[in-house]
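As a basis for the values below, the full set of heavy atoms in this structure was taken, side chains included, without hydrogen atoms, waters or symmetry mates. Order of the sequence lines fixes the chain letters, A, B, ..., with proteins taken first and strands second; residue numbering starts at 1 for each chain.
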2 protein chains.
Amino acid sequence: MNSRRRITINLLAEKAGVSKTAVSFAFNNPSRISKTTRERILRIADEYGYVPDPVARTLATRKVGSIGFLIPQSIPVAFKNPFLSQVLQGIGSVCQKEGFSLTVVPPLKGCILKGIRSAAVDGFVTFGLETHLKIVELIRQRNIPLVVVDGKRSRNIPSVNTDDLGGAEKIMEYVLSRGHRRIVILSLKSASKVDQENFSRVRDLRLKGYENALESFGLKIDGRNVKVINCECSMAGGRKAAEKIFPLKKLPTAVVAMSDIIAIGVFAYCREHGIEIPKDISLAGFDNIPEASLISPALTTVSQSAFEKGLKAGEILIDLLHGRKTDNFVEFNTDIIIRDSVAVNRP
Amino acid sequence: MNSRRRITINLLAEKAGVSKTAVSFAFNNPSRISKTTRERILRIADEYGYVPDPVARTLATRKVGSIGFLIPQSIPVAFKNPFLSQVLQGIGSVCQKEGFSLTVVPPLKGCILKGIRSAAVDGFVTFGLETHLKIVELIRQRNIPLVVVDGKRSRNIPSVNTDDLGGAEKIMEYVLSRGHRRIVILSLKSASKVDQENFSRVRDLRLKGYENALESFGLKIDGRNVKVINCECSMAGGRKAAEKIFPLKKLPTAVVAMSDIIAIGVFAYCREHGIEIPKDISLAGFDNIPEASLISPALTTVSQSAFEKGLKAGEILIDLLHGRKTDNFVEFNTDIIIRDSVAVNRP
DNA sequence: TTGTAAGCGTTATCAA
DNA sequence: TTGATAACGCTTACAA
């Protein structure tokens, strides 16, 4: 790289024959300096290629200008799910408004705490992370604010969630109301040991929602008529689940996935193997990612406001940063989105 | 917020009855301190909740631990295109390997230069940005490395690109070989004034590729049989283009989009309006995003290695950071992916 | 309007 | 093995 020494404020002050203060004012506080000296300083700064160091500035001002987005898996794994991208877009719209950048912080060398320790950010939004004590404690120690998306609710930490239980109930009720009684539930498996705790709130609530609906139809998860398969939350995960499902002697009539991207994995498998949805098997998802409405048949699913969740989380974080009062708990409602992937089942 | 004062190394050193140096060693350089004092220091650190400040550490070490991903539009706009997410995944896999986080840097308050100036990163990967002098110069002044993805080739700046010209040639040749002679090209429009320069390399090359193919069939962009419509690079952009296309008295027989996400916007419009692809109109894209194979009919398009581009760019940046010799120019080949969205046109 | 000097919280050098 | 002390590069009272 360019090995010549970087120009610092000291050097520039010297070259311009002024003090560091003057240089600093020229850049950040024009009103406190005369127009002529300011212009001269800027001209010389330009000439020498001086640009204030953001890290040094951050240390002095205690403001970074970046929101930390803490994710439970590596970036390539986590971003396999378009749902994440939608949440990120929501946070991103806050960034745009506030003039912030967005630092995606994955587990560093497999360790979430390392990521937290070393990220230069003004605050964290965690996503799909069970905020066990260690994480919360460490962020608290860093003395920066924290907002939890899709994590466990806790008294002192603002959280933004979805009514996962209600959403799961609705979709399972719908599937059952269409006459399905042999069902495979595609649940969420953690992708690695790193995030063994992840998804557990979301997974548990959705499972509970499914169970509630099943119960109201006199059914339960018995491993025979209604069984659960754990999947990695990606298309590949859905494909693998399909590979387990279709060799089954007694096929289910419906597959209910906890995530659209998993359902779409199943969809892809079916298309490749000439299995027709919903004629041969019905399929339902969760999340309502944009892709859900793109496939044919369009996927019946549960909408949860991914973008809005990110947006709200970002707004709360900004409030916290400004020391403003803000929401401590937000829960978004779900809607069942009935499309074409669930057929009526005639026994 | 937690208003109690943050614990600093000074305070901790005092509490532990040692020097700052000892504390620093306890955290970063265990071998240079006795085991007993180290343990004592760590215990006291734990007790007081001390955690080293990453910003201060960065200032002293000159290492941030984050790759800057410079994008031409706001986060919510840029991430509307799944293609971007794929590039990000590629960079992300380098982050995972190196233990870095990834800072997405959009134009701050509409100004890319502001984003560059204030981002705390070790280096930048720019995406889809025409690196006009100002940008390059500023990054050079910050004295951190830069890798350009999908930007103009330049002698001193490593760049990672796709053979856009060749790809465009291939797909247009294919469309023409299927008998299409009335064609609408969906080109890339900049989303805002901010990025008026963006896409221009990609756009110009792809257009040139299309033109080459047209020329070999004795055709040219004449605004009548072959015309160009500029679109925002999103589904909405594709939809808007469709709204302009279908009222046309003489419909084209094929639509060739410079981006899959635009093509998918057209696809969505067609589905909503009962227009059948490829029976009523043929459709081709560019990028081969995952969604392209999900829709029905599956989209005929050009694959460009989005993930690999991000990966390569990240690797080059790391090389640069380590002062290693590295590639200065990488160009990925394209493949035409023939699926089902382009029909034979019988005149 | 401009300058002096004290932070900001680390790491790194060099001596003890 | 440990400790002073000087960077790191900037902002910001306070003084002039």
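Contacts of A:Thr36 with the nucleic acid, taken as non-hydrogen atoms under 4.0 Å apart, are absent. Across all strands shown, B:Val55 has no heavy atoms under 4.0 Å from either base or sugar-phosphate atoms. As judged by a 4.0 angstrom heavy-atom cut-off over every strand, A:Leu59 is placed among the base-contacting residues. Residue A:Thr58 is out of contact with every strand shown, counting any heavy-atom pair closer than 4.0 Å.
Using modelled atom types, one side-chain atom of A:Asn28 and one backbone atom of A:Ser24 make a donor-acceptor pair closer than 3.5 Å.
For A:Arg153 and A:Phe329, the positive end sits near the middle of the six-membered ring, less than 6.0 Å away and at most 45° from its axis.
A salt bridge does not link B:Asp53 with A:Arg142: every distance from a Lys NZ or Arg NE/NH1/NH2 to an Asp or Glu carboxylate oxygen is 4.0 Å or more. A salt bridge is defined here as a Lys NZ or Arg NE, NH1 or NH2 lying under 4.0 Å from an Asp or Glu carboxylate O, and B:Lys309 with B:Asp150 meets this definition. In this structure, A:Lys312 pairs ionically with A:Asp327, as a charged nitrogen and a carboxylate oxygen lie closer than 4.0 Å.
Within the 4.0 Å cut-off from OP1 or OP2 of C:dG9, at least one side-chain nitrogen or oxygen of A:Arg62 is found. Between C:dG3 and A:Ser19, a contact under 4.0 Å exists linking OP1 or OP2 to a side-chain N or O.
Atom pair B:Ile144:CD1 and D:dC8:P shows a separation of 19 Å (rounding to whole Å applied). Straight-line distance from the NZ atom of B:Lys63 to the P atom of C:dT10: 19 Å, rounded to whole Å. In this structure, CD1 of B:Ile41 is placed 12 Å from C1' of D:dG3, rounded to the nearest angstrom.
Among D:dG9, C:dG9, C:dT1, the nucleotide with an atom closest to any side-chain atom of A:Arg6 is D:dG9.
Considering CG of B:Leu11 and NZ of B:Lys20, their distance stands at 12.5 Å, rounded to 0.5 Å.
Below 30°, between 30° and 60°, or above 60°: for B:Phe27 and B:Tyr50 the angle between ring planes is above 60°, a perpendicular geometry.
Looking at B:Asn161 and B:Arg201, their side chains do bring a donor and an acceptor atom within 3.5 Å of each other. Between the side chains of A:Ser66 and A:Thr103, at least one donor-acceptor pair of N or O atoms lies under 3.5 Å.
Between the two ends of the helix from C:dT1-D:dA16 to C:dA16-D:dT1, each summarised by a five-pair axis, the helix axis turns through 30° (rounded to 10 degrees).
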Between protein and nucleic acid, restricted to nucleotides 10-12 of chain D and to nitrogen or oxygen atoms under 3.5 Å apart, what atom pairs and distances do you find?
from: D:dC10; atom 1: OP1; to: A:Tyr50; atom 2: OH; distance (Å): 2.9
from: D:dC10; atom 1: OP1; to: A:Asp53; atom 2: N; distance (Å): 3.0
from: D:dC10; atom 1: OP2; to: A:Ile9; atom 2: N; distance (Å): 2.4
from: D:dC10; atom 1: N4; to: A:Lys20; atom 2: NZ; distance (Å): 2.6
from: D:dT11; atom 1: OP1; to: A:Asn28; atom 2: ND2; distance (Å): 2.6
from: D:dT11; atom 1: OP1; to: A:Arg57; atom 2: NE; distance (Å): 2.8
from: D:dT11; atom 1: OP1; to: A:Arg57; atom 2: NH2; distance (Å): 3.0
from: D:dT11; atom 1: OP2; to: A:Ser24; atom 2: OG; distance (Å): 2.8
from: D:dT11; atom 1: OP2; to: A:Asn28; atom 2: ND2; distance (Å): 3.4
from: D:dT12; atom 1: O4; to: A:Thr21; atom 2: OG1; distance (Å): 3.3

